Amino acid sequence: MIYNWHKAEHIIIEELEENQPIETTVGDKTIGILRKGPTLYAFAATCPHASARFCDGWLDARGHITCPLHKYKFDPVNGRNVSGEGYKLKTFPVEIRAGIVHIGL
């Protein structure tokens, strides 16, 4: 797959709170960013079911992003809905280049 890579210069990895999704704008998209250890994940900022904001949600005990509205859960690695409703969360590749976060859209 071919991506258009965008710098997310306003994202400072060391300042991201671990296991707490945040919302930011990259290119022309509003996306969620999640830091789990040294790894960053990027995904659509809103739930594919009812558009609740994931930055208002949390991670469950297994590290799944949980929607604050209906408690649907998604794997940040691949966007798979793990609570069984059949939705898929759009995810985006992340690369760190010279300390700057890049998101593939």
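FYI, the numbering just counts along the sequence from 1. In this text the structure is predicted, and so the values were computed from the model without any measurement. What's counted below: heavy atoms across the whole structure, side chains too, no hydrogens, waters or symmetry copies.
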Checklist outcome for this item: Separation between SG (Cys47) and CG (Asp56), nearest 0.5 Å, reads 12.0 Å
Checklist entry - In chain order, what residues pass the ring-ring contact (aromatic ring centres under 6.0 Å, His included) check against Trp58, with sequence neighbours excluded? => result none
Checklist outcome for this item: Distance col, row Phe54:CZ vs Phe43:CZ, nearest 0.5 angstrom, shows 7.0 Å
Item to check | Nearest atoms (heavy-atom pairs only) where Gly63 meets Pro76 | outcome: O-CD, 3.5 Å
Item to check | Summary of salt bridge (Lys or Arg N to Asp or Glu O under 4.0 Å) pairs that have at least one residue in residues 29-50, sequence neighbours excluded | outcome: Glu18-Arg35
Checklist entry - Got a sec, which pairs hit side-chain hydrogen bond (donor to acceptor under 3.5 Å, both in side chains) with one end in residues 86-105, sequence neighbours left out? => result Glu95-Arg97
Item to check | Inter-residue atom distance Leu89.CG - His49.NE2, 0.5 Å rounding | outcome: 14.0 Å
Item to check | Which residues share a side-chain contact (heavy atoms from CB on, under 4.5 Å) with Cys55, sequence neighbours left out | outcome: Glu23, Arg53
Next on the checklist: Rounded at 0.5 Å granularity, tell me how far CG in Leu34 sits from CD in Glu17.
Outcome noted: 10.5 Å
Checklist entry - Mind checking who shares a hydrophobic cluster with Ile96, ILVMFWY linked at side-chain heavy-atom distances under 4.5 Å? => result Ile11, Ile13, Leu16, Ile22, Val26, Ile31, Ile33, Leu40, Phe92, Val94, Val101, Ile103, Leu105
Checklist entry - Which heavy-atom pair separates Gly79 from Phe74 by the least distance, and what is that distance? => result O-CD2, 3.6 Å
Next on the checklist: With rounding to the nearest 0.5 angstrom, report the OG1 to CG distance, Thr66 to Asp60.
Outcome noted: 4.5 Å
Checklist entry - Side chains of Pro93 and Trp5: does their closest heavy-atom pair fall under 4.5 Å? => result yes
Item to check | Partner set under side chain to side chain donor-acceptor pair (under 3.5 Å) for Asp75, not counting sequence neighbours | outcome: none
Checklist outcome for this item: Correct closest heavy-atom pair for Ser83 and Lys73 would be OG-N, 3.0 Å
Item to check | Nearest heavy-atom neighbours spanning Leu69 and Ala52 | outcome: CB-CB, 3.7 Å
